[in-house]
J.: 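Next up is a structure, given as structure tokens.
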Amino acid sequence: MLSEIPISHFLILSTLMFFIGVYGFLVRRNMVAILISTELILNSVNINMVAFNKFLYADKVDGQIFVLFNIAVAAAEAAVAIAIILNVYRRYASTDIDNINKLKH
Amino acid sequence: MEQFFFYFISAIILIFSILTVVGRKILRVAVYLLFALIGIAALFFLMDYYFQGAVQLMIYAGGIIVLIIFSIMLTSNIDLKFERVSRKKSMASALLCGTGALITSWAILTFDFKPSGLPPLENSMRQLGFSLLGRGAGGYVLPFEVITILLLAAMVGAIVIAKKQKNE
């Protein structure tokens, strides 16, 4: 039975995935790879919300609705981020964040 | 049986997440992300949230991954390998993330979660639809409409940013 699994296991799975995403965000230098790490972070949150809804408030649907909102926001974020990446690539011929320093000078 | 599947899916999600952040070929990294996202959809299906699982598969596996792969193919050579991360930087980042994960796990394990104890919903899909478009207590019609405006704005913004500027 699913209810025999303690809720903390779901939450720890989500925590580990979140911090794996943060690690990728910190070490990557390519903008597309940073976007991929962000997707990992956003997705780990969905596990949290679903687990809370399933184990703590099974009589409500709020957690499920927030999963849908989160997915919609993530989709909007990915679309805008990829547009920005294409624009940056056109200007600098690279998507490496170390080369993008025009605001600095 | 469900326990076994839960730990199996968790292992798949974690393994592919780690591969996503340490992989060095960019296209493979995108495919590893695809497997991690499919693992999360499987977790939704395991918990009987079929609608969320279907949305996850459609939007992430069907939409965002294709978008990411297209942006990879537009901006970099398909055989691009990331340069090796310097040892100092990767160690510092791993230390930071490990500490964060430990603190959060400790907080989770020591917190006493209290279930509401009420019986679960019979027809949760029907209730979900009513709640998503409900205007009364527990209704989410305003955030729903705001999300539609956000998606419209993101669509227009993406087109404006990505189109060619004239004076270049």
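Note: hydrogens, waters and symmetry copies are ignored here, and every other heavy atom, side chains too, is used. Note on naming: letters A, B, ... go to the chains in the order of the sequence lines (proteins, then strands), and numbering restarts at 1 for each one.
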J.: Is it the case that over 12 heavy atoms from other parts of the model lie below 6.0 angstrom from the OH atom of A:Tyr57?
T.: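 Count not over threshold, so no.
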J.: Answer with side chain, backbone, both or neither: which region of B:Leu128 has an atom nearer than 4.5 Å to a non-hydrogen atom of chain A?
T.: both
J.: Hey, which of A:Ile7, A:Leu35, A:Val27 has the most heavy atom pairs under 4.5 Å with chain B?
T.: A:Val27
J.: Crowded around B:Lys163 NZ? As in, over 12 foreign heavy atoms under 6.0 Å?
T.: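 Open.
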J.: Heavy-atom pairs under 4.5 Å with chain B: which of A:Ile20, A:Val80, A:Ile12, A:Ile84 has the most?
T.: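 Heavy-atom pairs under 4.5 Å are most numerous for A:Ile20.
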J.: Give, for atom CG of A:Asn46 and atom CD of B:Gln56, the distance between the pair rounded to the nearest 0.5 Å.
T.: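 The CG atom of A:Asn46 sits 6.0 Å away from the CD atom of B:Gln56.
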J.: In terms of heavy-atom contacts, does CE of B:Met91 have more than 12 from other residues, nucleotides or ligands at under 6.0 Å?
T.: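 No, CE of B:Met91 has 12 or fewer neighbouring heavy atoms, counting only those of other groups under 6.0 Å.
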J.: Determine yes or no for a side-chain-to-main-chain donor-acceptor pair under 3.5 angstrom, with A:Gln64 supplying the side chain and B:Gln52 the backbone.
T.: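 Checked: no pair found.
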J.: B:Leu96 versus chain A, heavy atoms under 4.5 Å apart: side chain, backbone, both or neither?
T.: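 Side chain only.
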J.: What are the two closest non-hydrogen atoms of B:Ala158 and A:Ala79, and how far apart are they?
T.: CB-O, 3.9 Å
J.: Quick check: do B:Phe51 and A:Leu68 have side-chain heavy atoms less than 4.5 Å from each other?
T.: yes
J.: CG of B:Leu150 to CZ of A:Phe69: how many Å apart, nearest 0.5 Å?
T.: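 Here the rounded value is 11.0 Å.
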J.: Rounded to the nearest 0.5 Å, how far apart are CD1 of B:Ile161 and CD1 of A:Ile82?
T.: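 It is 12.0 Å, given to the nearest 0.5 Å.
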J.: Please say yes or no: joined through hydrophobic side-chain contacts below 4.5 Å, possibly via intermediate residues, are B:Ile159 and A:Val88 part of one cluster?
T.: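 Cluster IDs for B:Ile159 and A:Val88 differ.
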J.: So for atom CZ, which belongs to A:Phe66, do other residues, nucleotides or ligands contribute more than 12 heavy atoms lying within a distance under 6.0 Å?
T.: no
J.: Based on non-hydrogen pairs under 4.5 Å, which of A:Lys54, A:Glu77, A:Met31, A:Arg28 is most in contact with chain B?
T.: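 So the answer, after comparing A:Lys54, A:Glu77, A:Met31, A:Arg28, is A:Arg28.
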J.: What's the spacing between A:Arg90 CZ and B:Thr75 OG1 if we round to 0.5 Å?
T.: 11.5 Å
J.: Considering only heavy atoms, which portion of A:Val32 lies under 4.5 Å from any heavy atom of chain B: side chain, backbone, both, or neither?
T.: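 Answer is side chain: those atoms of A:Val32 sit under 4.5 Å from chain B.
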J.: Go through the atoms of B:Leu67 and report whether side chain, backbone, both or neither lie under 4.5 Å from a heavy atom of chain A.
T.: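 Both backbone and side chain.
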J.: Indicate yes or no: at least one non-hydrogen side-chain atom of A:Ile65 is less than 4.5 angstrom from one of B:Phe144.
T.: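 Not touching, per the 4.5 Å side-chain cut-off.
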J.: Surrounding OH of B:Tyr7 (heavy atoms of other residues, nucleotides or ligands, distance under 6.0 Å), is the total greater than 12?
T.: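 Counting other residues, nucleotides and ligands, OH of B:Tyr7 exceeds 12 neighbours.
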J.: Output the distance between atom OG1 (B:Thr104) and atom CZ (A:Phe18), rounded to the nearest 0.5 Å.
T.: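 Going from the OG1 atom of B:Thr104 to the CZ atom of A:Phe18 covers 8.0 Å.
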J.: Would you say B:Phe5 has more than 12 foreign heavy atoms packed within less than 6.0 Å of its CZ?
T.: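 For B:Phe5, atom CZ is not crowded (no more than 12 foreign heavy atoms under 6.0 Å).
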J.: If you draw a 6.0 Å radius around CZ in B:Phe16, do more than 12 non-hydrogen atoms from other residues or ligands fall strictly inside?
T.: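 Yes, because the 6.0 Å sphere around CZ of B:Phe16 holds more than 12 heavy atoms from other groups.
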J.: Quick one: do B:Ile103 and B:Leu109 end up in the same hydrophobic cluster if we chain Ile, Leu, Val, Met, Phe, Trp and Tyr together by side-chain heavy atoms under 4.5 Å apart?
T.: no
J.: With a 4.5 angstrom heavy-atom cut-off, is it the side chain or the backbone of A:Thr95 that approaches chain B, or both, or neither?
T.: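 The side chain, not the backbone.
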J.: What distance separates A:Asn43 CG from B:Ser17 OG, expressed to the nearest 0.5 Å?
T.: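 Those atoms lie 9.0 Å apart.
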J.: Which atom pair, heavy atoms only, marks the closest approach of B:Ala101 to A:Leu16?
T.: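 Reported closest heavy-atom pair: CB-CD2, 4.4 Å.
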J.: Could you list the donor-acceptor pairs under 3.5 angstrom formed between side-chain atoms of residues 21-48 of chain B and any protein atom two or more places apart in sequence or on another chain?
T.:
residue : atom : partner : partner atom : Å
B:Arg24 : NE   : B:Phe82 : O            : 3.2
B:Arg24 : NH2  : B:Phe82 : O            : 3.0
B:Asp48 : OD1  : B:Tyr50 : OH           : 3.2

J.: Please flag which part of B:Phe70 lies under 4.5 Å from any non-hydrogen atom of chain A: side chain, backbone, both or neither.
T.: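 Neither; nothing under 4.5 Å.
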J.: Please report the shortest heavy-atom distance between A:Ala72 and B:Leu151, naming the atom on each side.
T.: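 Minimum heavy-atom separation between A:Ala72 and B:Leu151: O-CD2, 3.7 Å.
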J.: Report which part of B:Ile68 has an atom under 4.5 Å of a heavy atom belonging to chain A: side chain, backbone, both, or neither.
T.: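 Contact with chain A: backbone and side chain both.
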J.: Any heavy-atom pair between the side chains of A:Asn53 and B:Tyr49 that's under 4.5 Å?
T.: yes
J.: As an exercise: rank A:Val50, A:Leu26, A:Thr15, A:Leu11 by heavy-atom pairs under 4.5 Å with chain B and give me the winner.
T.: A:Val50
J.: Quick check on the hydrophobic clustering: are A:Phe10 and B:Phe111 connected, directly or via other members, by side-chain heavy-atom contacts under 4.5 Å?
T.: yes
J.: Got B:Ile18 and A:Tyr23 here, is their nearest side-chain heavy-atom distance under 4.5 Å?
T.: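 B:Ile18 vs A:Tyr23: side chains apart.
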J.: Are any of the side-chain heavy atoms of A:Tyr89 and B:Leu74 separated by less than 4.5 Å?
T.: no
J.: I'd like to verify something: which residue of B:Ser90, B:Ser86, B:Ser105 has the highest number of heavy-atom pairs under 4.5 Å with chain A?
T.: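 Ranked by heavy-atom pairs under 4.5 Å with chain A, first place is B:Ser90.
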J.: Hey, which of A:Val22, A:Ile85, A:Ile47 has the most heavy atom pairs under 4.5 Å with chain B?
T.: A:Ile47
J.: Would you kindly confirm whether B:Ile149 and B:Val160 end up in one hydrophobic cluster when ILVMFWY residues are joined by side chain heavy atoms under 4.5 Å apart?
T.: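 No, B:Ile149 does not connect to B:Val160 through the hydrophobic network.
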J.: Give, as side chain, backbone, both or neither, the part of A:Ala74 having an atom under 4.5 angstrom from any heavy atom of chain B.
T.: both
J.: Kindly work out whether a path of hydrophobic side-chain contacts (I/L/V/M/F/W/Y, heavy atoms less than 4.5 Å apart) joins B:Leu19 to B:Leu14.
T.: no
